[in-house]
Amino acid sequence: MNRHTLPIPYLLVMSLMLTVSLLASAQEMTVHAPKSVYVGDNFTVQFSINDQAKDFRGPTFKGFSLRSGPNQSSSTSMSFINGQMSRSVNTTFSYTLTADLEGSFTVGPASCTADGKKISSNSFTIKVEKPTAAQQQQRQQQQAQQRRQAYDPWAQQPQEETKIDETTLFARASVNKSSPYQGEQIIITYKIYTQIPISQFAIDKLPGNRGFWAEDLSEGQQVKQYEETVNGKRYQVAEIRRGALFAQESGNLTVEPLDLNVLAMVQRQRRRTGSIWDLFDDPFFNAAQAVERPLRTNKLNIHVRPLPSAPDNFSGAVGRFDVKGGLTAESVRANEAITYRITVSGSGNLMLINAPTPDFPNIFEVYDPQINDDIRRSDAGISGSRTFEWILIPRSQGTFTIPAQQFVFFDPATGQYVTRRIDAQKVVVEQGDPNAMSSVSNKDDVRLLNSDINYIHPISRLHPIRHSDHPGVLFWSALAAIILATLAVLVFTRRRRIAEQDVVSMRMKRATRQARRRLKKAAKYLGTGDSSHFYEEIYRAIWGCLSDKYNIPLSQLNRESVNACLIEKQVPDEQQQTIMKVLQDVDMARFAPGDADTQMQTIYNDALNMIAGL
């Protein structure tokens, strides 16, 4: 054997070691996640990369709530083998999740870049099970014990059961007005009163505000704390939630209690055992014990006064408002768009105000108004502005007058209706380009008018008609067709004008169309978690459709009036029950516990089916 030639077994061993080394150094991403959890469990999912990673893109955790993440951490280890140093880096991205729904959920792959290469993890499935009553009780006891141990280093020592007196720690709800008008804004405040330290609190169940439109005023704000005296005792007060309520019907209404849990820190009292631990039974040595205490606020009874008999042009606004508006320009060319705008500003039920109905001249083609809101939420309640914009396209030239507009609202402070006026305004319509398309003022829903007036091409060749040329059958047929078409247009135009004068009939015809348009707006908020705007559009769609379809004034629109109207118009019992059930479900769904996305989808489907059945 040649001494410069290595033995074959030695070469095989070296090749095998090199292959193992290369495989060991290849970048890969592994997933660490539980295979099954219970509904309500918090758990962690980790993605580990055996190298320095960047450009990490996590998966979508459908069916789970994201508590935190991705949280990145890295570790580096070094080792010396046969005098040579080797170095390894590991990068971890972790998520903390909560299981919301029962079922099996597949989580897609995550990806990142390591050593210039893109790597991905495998998909995995987590099964979410619903715990039995015994398991649920055991888990709650374990969680309570863990919380106590976190705050009490003496938790393993025998302890006396700690009780908290109801006058030491309680929760209370209050409103700034207990007898408002229908549609008037009232402020509801939820507070915790305590004479012992509190480390944290959690709201378990929001109240069902049946009969009210509710808006949260405390979202994104810090909890306010101050002192207050109740029945001669001094309390530390935490203002945990504030909201605005607008009664949608008159009579005696009830605001249900709010349920919450607090973790109070109380002085621990251990049982005497005759052991050495009794030597430390002194407040100086006794750490505070964390005690979980459920609280419930009081129920509120609200007497809602009905509004006085309303004027015909009352749009449902209750509060204090100013109004301004008019055309955006004093002149415009024919077949070009111009905007008419009305802005209502102030404080009150802005989000429930319906669009006015200006009486525009017939030469204008009018499109449905666009609504732009600038709503502000503060401790004082709801304020801001709502703007209605109409796109107008004049079809004739001349000088025309937009009549004066009146906006009527009810002022609860005075108990009277107030009228604000927008003066009449003249607009000059000049001759436009007959071959030009209409401008749209950036409004998506205004279609382009391609060929309203076509260009007349000049005739290049003319020849005289000979006296011997007499009209034939084709001529008389064409003339008869033109006369019949003209008569048909006149009849159609006359019927249309008569129909337009019948306001009730026009409202009934357009009720379903406008309701579907509002449902489309509501559909945009599905899956976004924006329940506030979703339910606002759902309310407008349902109540607006019922108001237009059955000619019920907005000031009298409530479940009782709708039910009476359905009976009067002899609507089938099955359809009556469907309509009333949808109204009730929509009213309660906003504050019902559970998966918000699923509830929103169910409410959307029910509203769509109800409106389609009208």
Side-chain angles (χ1 to χ4, degrees), residues 172-190 206-217 241-258 297-311 314-321 346-354 375 377 379-383 408-418 532 535-536 538-540 542-544 546-547 550 552-566 579-592:
R172 178 176 293 180
S174 61
V175 291
N176 64 337
K177 186 174 293 188
S178 60
S179 182
Y181 283 100
Q182 180 179 336
E184 181 182 359
Q185 177 175 232
I186 60 175
I187 307 300
I188 183 169
T189 307
Y190 298 94
L206 291 172
N209 299 320
R210 184 176 180 180
F212 291 95
W213 176 280
E215 292 285 340
D216 184 14
L217 303 179
R241 187 177 177 87
R242 180 182 286 256
L245 298 179
F246 302 86
Q248 299 300 289
E249 54 190 74
S250 59
N252 294 320
L253 302 181
T254 300
V255 178
E256 299 297 329
L258 178 143
T297 64
N298 51 301
K299 183 185 297 185
L300 295 174
N301 296 317
I302 309 295
H303 175 68
V304 181
R305 293 177 287 175
L307 295 178
S309 181
F314 176 57
S315 60
V318 179
R320 304 193 69 176
F321 303 101
S347 61
N349 61 345
L350 279 167
M351 70 294 297
L352 301 177
I353 297 177
N354 292 316
I375 306 296
R377 294 167 175 80
D379 290 345
I382 301 295
S383 62
V408 179
F409 65 91
F410 181 78
D411 187 352
T414 61
Q416 297 179 350
Y417 290 95
V418 180
S532 176
Y535 284 109
E536 182 177 339
I538 288 290
Y539 263 83
R540 291 179 186 170
I542 294 177
W543 288 109
L546 292 174
S547 175
Y550 298 111
I552 305 174
L554 290 171
S555 59
Q556 304 175 11
L557 195 62
N558 53 58
R559 282 199 294 272
E560 286 74 14
S561 62
V562 171
N563 192 25
C565 183
L566 295 176
I579 293 174
M580 300 309 296
K581 182 178 183 302
V582 170
L583 294 178
Q584 181 178 358
D585 291 347
V586 171
D587 202 21
M588 298 181 65
R590 290 185 76 189
F591 303 102

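Just so you know, residue 1 is the first one in the sequence shown, and it goes up from there.
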Shortest non-hydrogen contact from N252 toward H303: OD1-ND1, 2.9 Å
Find out whether I375 and R377 are in side-chain contact, i.e. whether some heavy atom of one side chain is under 4.5 Å from a heavy atom of the other. yes
Whether the side chain of S250 engages the backbone of Q182 through a donor-acceptor N/O pair (distance < 3.5 Å, no angle test) should be reported. no
Separation between CG of L217 and CD1 of I187, rounded to the nearest 0.5 Å: 5.5 Å
So which of V255, I188, T254 actually passes side-chain contact (heavy atoms from CB on, under 4.5 Å) with I302? V255
Taking CZ in R320 as the centre, count heavy atoms belonging to other residues, nucleotides or ligands within less than 6.0 Å. Is the count above 12? no
What's the spacing between S179 OG and N301 CG if we round to 0.5 Å? 12.0 Å
Would you check if T297 and R172 make a side-chain contact, meaning some heavy-atom pair closer than 4.5 Å? no
Considering all heavy atoms of both residues, which atom of R242 and which atom of D216 are nearest to each other, and what is their separation? O-OD1, 3.3 Å
Validation row: L253, L300 side chains within 4.5 angstrom (heavy atoms): no
Should E249 and V304 be marked as a side chain to side chain contact (heavy atoms under 4.5 Å, CB included) after you check the CA-CA gap, both sets of side-chain angles, and the distance that decides it? CA-CA 7 Å; E249 54 190 74; V304 181; over 6 Å; no
Do side-chain atoms of Q185 reach the backbone of G381 as a donor and acceptor pair under 3.5 angstrom? no
Could you check if a side-chain atom of F321 sits within less than 4.5 angstrom of a side-chain atom of V418, using non-hydrogen atoms only? no
For F410 versus P308, what's the shortest heavy-atom pair and its separation? CE1-CD, 3.5 Å
Checking the side chain of Q248 only, and the main-chain atoms of F246 only, is there a donor and an acceptor separated by less than 3.5 Å? yes
Quick check for you: to the nearest 0.5 Å, what is the distance between I542 atom CD1 and I579 atom CD1? 10.0 Å
Which heavy atom in Y181 sits nearest to a heavy atom in E184, and how many Å separate them? N-OE1, 2.8 Å
For a 4.5 angstrom cut-off between non-hydrogen side-chain atoms, does N349 reach F409? no
Is there a donor-acceptor pair closer than 3.5 Å between any side-chain N or O of N298 and the backbone N or O of A173? yes
Output the distance between atom OG (S309) and atom OH (Y417), rounded to the nearest 0.5 Å. 7.0 Å
